[in-house]
Structure formats: C-alpha cells, structure tokens
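What follows is a short report on a single structure.
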Amino acid sequence: MKCPPGRITVVNHAHADAAGTSRTARIWGWVGAAVALATSLVHLPMLGEHSWVVSILVAAMLIGCAHCSVCLFRNPTVSAWVLTGAMGAIMIALHPVLMSAMSSSMGGMDHSMPGMDMGSMGHSMGSMEPWMTLMIVFAAAEIVVAVAALGMIALRRRAAR
C-alpha cells in the first residue's frame with residue numbers, strides 16, 4: 001500500500017520535515033500516528049479467536065490502522081487525515097456487526113483472549129466487552145485527532161490567503 005498523495009512530495013522516503021512541513025503539522029501527524037498504532041495493537045488479541053470471517057475483518061482493521069499510522073508519521077497530508085478519519089468511522093460502524101458475529105460463533109468455546117488474565121470475569125462474551133470498548137474509544141480518538149488536524153490545516157490555508 002502506498003500513502004495517499006498530498007501537496008507535499010516525499011522523495012526517497014524522506015521524513016515529512018525534510019519536505020518543509022510545519023512543525024505543528026508534524027506533531028499532529030505524530031499524535032495521529034501514535035493513536036492509529038495504538039488502535040492497531042488493541043486488535044491483536046482478537047486475531048484467530050473466532051470465525052475466519054471475524055478474523056479477516058479484524059486483520060483488515062489492524063492493517064488499515066497500521067497503514068494510517070505510517071502515512072501520518074511520514075507525511076501528514078489532508079488525504080492521509082481523511083483516510084484515518086474514515087477508517088475510524090468504518091471501524092466504529094463494523095463493531096456491532098463483529099459483536100453479533102462473535103456472539104453467534106461462541107457456542108461452547110473457550111472465549112478467553114490469548115495472553116489476558118480474565119480472572120473472575122469468566123469466559124463469556126462479557127469478558128470481551130472491555131476490549132471492544134477500548135477499540136471503539138481508540139477509533140473515536142482517531143476521528144477526533146483527524147478532524148482537529150484537518151481543522152488546523154484549513155485554518156492555516158485560510159490565513160495564508
């Protein structure tokens with residue numbers, strides 16, 4: 001995958017500051033990259049735990065978040081921010097679908113998450129709700145950071161006129 005093109009051309013994978021991006025834009029890009037990476041990592045415990053359809057959707061979301069993270073770190077363009085916000089919205093929209101698919105595929109299986117101590121929470125769908133909530137919170141944070149960064153870009157462009 002290639003990061004979406006923007007007004008700033010990055011040659012030979014140079015960092016965005018080498019192309020003249022403002023320090024504020026780079027910092028917003030780094031914050032967005034950190035949030036997108038965190039969103040990606042939160043999906044790791046879900047891989048391979050349920051049906052192959054759910055695993056494919058989770059893997060796609062994980063890869064999408066990682067891709068946005070790289071794009072925002074290297075070159076935080078308007079199109080990279082729009083892609084990040086759209087991915088966050090898609091993830092939030094897909095979570096109810098994933099929850100229903102997982103609850104229907106959980107008949108009689110061990111539902112604990114790998115590497116997680118579920119303790120007294122047991123092995124029910126309820127034990128996964130904190131993870132799903134955390135994923136939604138990170139996806140919402142992606143949207144908030146993307147909208148804020150796009151607002152900052154719009155204000156700078158308007159001031160430059």
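Being a predicted model, the structure only gives us computed values, none of them experimental.
Atom CE of residue Met152 and atom CD1 of residue Ile27 lie 9.5 Å apart, to the nearest 0.5 angstrom. With rounding to the nearest 0.5 Å, the separation of CD in Glu142 from CG in Leu83 is 9.5 Å. Interatomic distance, Arg161 CZ to Arg156 CZ, rounded to the nearest 0.5 Å: 15.5 Å. To the nearest 0.5 Å, the span separating CE on Met61 from CE on Met135 amounts to 7.5 Å. In this structure, SG on Cys68 lies 12.0 Å from CD1 on Ile63, to the nearest 0.5 angstrom. Atom CZ of Phe138 sits about 10.5 Å away from atom NE2 of His43, to the nearest 0.5 Å.
Under a 3.5 Å cut-off, the side chain of Ser40 and the backbone N or O of Leu62 do form a donor-acceptor pair.
Tracing side-chain contacts under 4.5 Å through hydrophobic residues (I, L, V, M, F, W, Y), one reaches Ile136 starting from Val147; they form part of the same cluster. Val137 and Val144 are members of different hydrophobic clusters when ILVMFWY side chains are connected at heavy-atom separations under 4.5 Å.
Shown here for Thr39 and Ala139, the closest heavy-atom pair between the two residues is OG1-N, 4.2 Å. The heavy-atom pair separating Pro76 from Gly29 by the smallest distance is CB-CA, 3.8 Å.
Side chains of Thr24 and Ser22: no donor on one and acceptor on the other come within 3.5 Å.
In this structure, the side chains of Val145 and Trp81 come closer than 4.5 Å at one or more pairs of heavy atoms. Counting heavy atoms from C-beta on, the side chains of Met91 and Cys65 come closer than 4.5 Å. Contact of the Ile143 side chain with the Ile92 side chain is registered, since non-hydrogen atoms from C-beta on lie closer than 4.5 Å. In this structure the side chain of Leu72 never reaches within 4.5 angstrom of the side chain of Arg26, judged on heavy atoms.
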For Val78 and Arg157: C-alpha separation, side-chain torsions, deciding distance, then whether side-chain contact (heavy atoms from CB on, under 4.5 Å) applies. CA-CA 12 Å; Val78 169; Arg157 286 185 180 174; 3.6 Å; yes
